[in-house]
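Each remark here refers to the structure printed beneath this line.
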Protein chains: 2
Amino acid sequence: MMNKYPLSRAEVIDLMRQKGINPTQQRVEIAQVLFSEPQHVSADQVLAMVNRKRPIVSKATVYNTLGLFAQKGLVREVIVDPTKVFYDPTTAPHHHFYNVDTGELMDMDADSLTLGELPSLPEGTEAEAVDVVIRVRNTAASC
Amino acid sequence: MMNKYPLSRAEVIDLMRQKGINPTQQRVEIAQVLFSEPQHVSADQVLAMVNRKRPIVSKATVYNTLGLFAQKGLVREVIVDPTKVFYDPTTAPHHHFYNVDTGELMDMDADSLTLGELPSLPEGTEAEAVDVVIRVRNTAASC
DNA sequence: CTGCTTGCAAAGGCTTTGCAGAACA
DNA sequence: TGTTCTGCAAAGCCTTTGCAAGCAG
């Protein structure tokens with residue numbers, strides 16, 4: 001992983017432009033929250049973080065914006081929990097630990113895990129991403 | 001992968017007993033559908049398949065049963081799409097291809113991909129599962 | 001009888017949508 | 001002035017839950 005945190009407002013805007021995203025005020029606010037530190041947040045959390053001081057963005061816009069960011073490759077969608085999607089600002093290749101007891105999601109360096117070359121893909125398809133998730137549970141809490 | 005398909009009614013019941021699941025009529029019906037062939041089905045699909053001829057099982061029971069099966073290790077939950085959970089009867093180690101264009105999920109032999117030993121896990125946790133998903137998209141249908 | 005299962009319908013949580021008003025070029 | 005965004009509220013979808021009736025041992 002080799003992303004930098006936090007990103008300044010100007011850096012965020014620059015990054016958005018690079019990805020072809022029109023840096024409107026709301027989008028910049030949302031992006032700044034995402035790129036303040038490495039983290040894994042749900043749409044609801046983003047909504048809360050952005051509006052912590054005063055209402056800045058609506059729920060609909062948060063959802064639309066996160067979807068746009070993911071589609072444009074500004075952030076990565078991580079799907080490990082059927083009840084919500086996590087958004088990960090770190091786009092450099094890496095994997096995840098998911099604690100099924102706590103719902104916590106943690107980054108794992110890409111080179112912590114040896115991954116051979118990809119097998120032949122189904123015909124007519126090309127690889128878009130490789131997601132590796134190691135599900136862990138607390139040692140104490142057994143069964 | 002080394003599971004056998006399809007499983008007879010008796011084999012299904014036997015398997016359920018091994019996993020500590022009381023083989024009630026509805027559960028056996030559901031399990032038979034799941035173990036009829038290697039596949040990846042959502043709860044709704046299971047509901048439709050089981051009740052194809054006549055109403056046999058309710059929606060609530062399908063959800064409860066699939067949850068129970070997953071918890072007992074009879075089937076594997078595959079989470080690749082935030083809108084629904086897939087249930088996979090193949091429990092032998094393997095990975096998946098997920099076609100984001102079609103929503104199709106395909107099995108991939110475990111040994112198609114070299115996976116080194118696990119990195120050190122977060123403190124106080126033990127590995128429960130390693131999920132590898134290769135997201136692919138159709139070559140033609142591009143952006 | 002006693003406990004485990006089932007089913008219906010209602011509730012719940014997360015996400016998307018329709019559409020009108022606002023912002024921006 | 002035309003296009004792109006935003007926001008509110010309503011709708012949608014999948015899943016869970018409460019609770020009474022059913023079934024098995």
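By convention in this document, chain letters (A, B, ...) are assigned in the order of the sequence lines, proteins followed by strands, and residues within each chain are numbered from 1. As a basis for the values below, the full set of heavy atoms in this structure was taken, side chains included, without hydrogen atoms, waters or symmetry mates.
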Original post:
Between the side chain of A/Gln71 and the main-chain N/O of A/Leu68, is any donor-acceptor distance below 3.5 Å?
Top reply: no
**OP:** For B/Asn138 and A/Thr125, indicate whether the former's side chain and the latter's backbone hold a donor-acceptor pair under 3.5 Å.
**Re:** no
Original post:
Could you go step by step and tell me if B/Glu29 and B/Arg9 meet the salt bridge (charged side-chain N to carboxylate O under 4.0 Å, His left out) rule?
Top reply: CA-CA 9 Å; B/Glu29 292 294 334; B/Arg9 186 171 196 89; 3.6 Å; yes
**OP:** Please answer whether the main-chain N or O of A/Val62 pairs with a side-chain N or O of A/Thr65 as donor and acceptor at a distance below 3.5 Å.
**Re:** no
Original post:
Is there a donor in the side chain of A/Asp88 and an acceptor in the side chain of A/His96, or the other way round, less than 3.5 Å apart?
Top reply: yes
Subject >> Spacing of B/Ile30 atom CD1 relative to C/dG7 atom C1', expressed in whole Å >> reply: 12 Å
**OP:** In whole angstrom, give the distance that lies between atom NZ of B/Lys84 and atom C1' of C/dC14.
**Re:** 16 Å
Original post:
For DNA chain D, what residues of residues 69-83 of chain B have any heavy atom nearer than 4.0 Å?
Top reply: B/Thr83
Subject >> Electrostatic pair B/Lys19-B/Asp14, nearest N-O below 4.0 angstrom >> reply: no
**OP:** For A/Asp107 and A/His94, test the side chains for any donor-to-acceptor distance below 3.5 angstrom and give the result as yes or no.
**Re:** yes
Subject >> Flag, side chain of B/Tyr5 to backbone of B/Thr90, donor-acceptor distance under 3.5 Å >> reply: yes
**OP:** Strictly below 4.0 Å, heavy-atom distances to any atom of DNA chain D: list the hits from residues 38-65 of chain A, or just say none.
**Re:** A/Ile56, A/Val57, A/Ser58, A/Ala60, A/Thr61
Original post:
Going by atom types alone, do A/Thr83 and A/Asp81 pair a side-chain donor with an acceptor below 3.5 Å?
Top reply: yes
Original post:
A/Arg17 versus A/Pro23: any side-chain heavy-atom pair under 4.5 Å?
Top reply: yes
Subject >> Side chain A/Arg135, main chain A/Phe97, donor-acceptor under 3.5 Å >> reply: no
Original post:
Taking any atom under 4.0 angstrom from a heavy atom of chain B, which nucleotides of DNA chain D are the first and last to qualify, 5' to 3'?
Top reply: D/dC14 to D/dT17
**OP:** To the nearest Å, give me how far apart CE (B/Met16) and P (C/dC4) are.
**Re:** 16 Å
**OP:** Give the rounded distance in Å between these two atoms: CZ of B/Arg27 and C1' of C/dT5.
**Re:** 7 Å
Original post:
Roughly, in whole Å, what's the span from CG in A/Asn22 to P in C/dC24?
Top reply: 10 Å
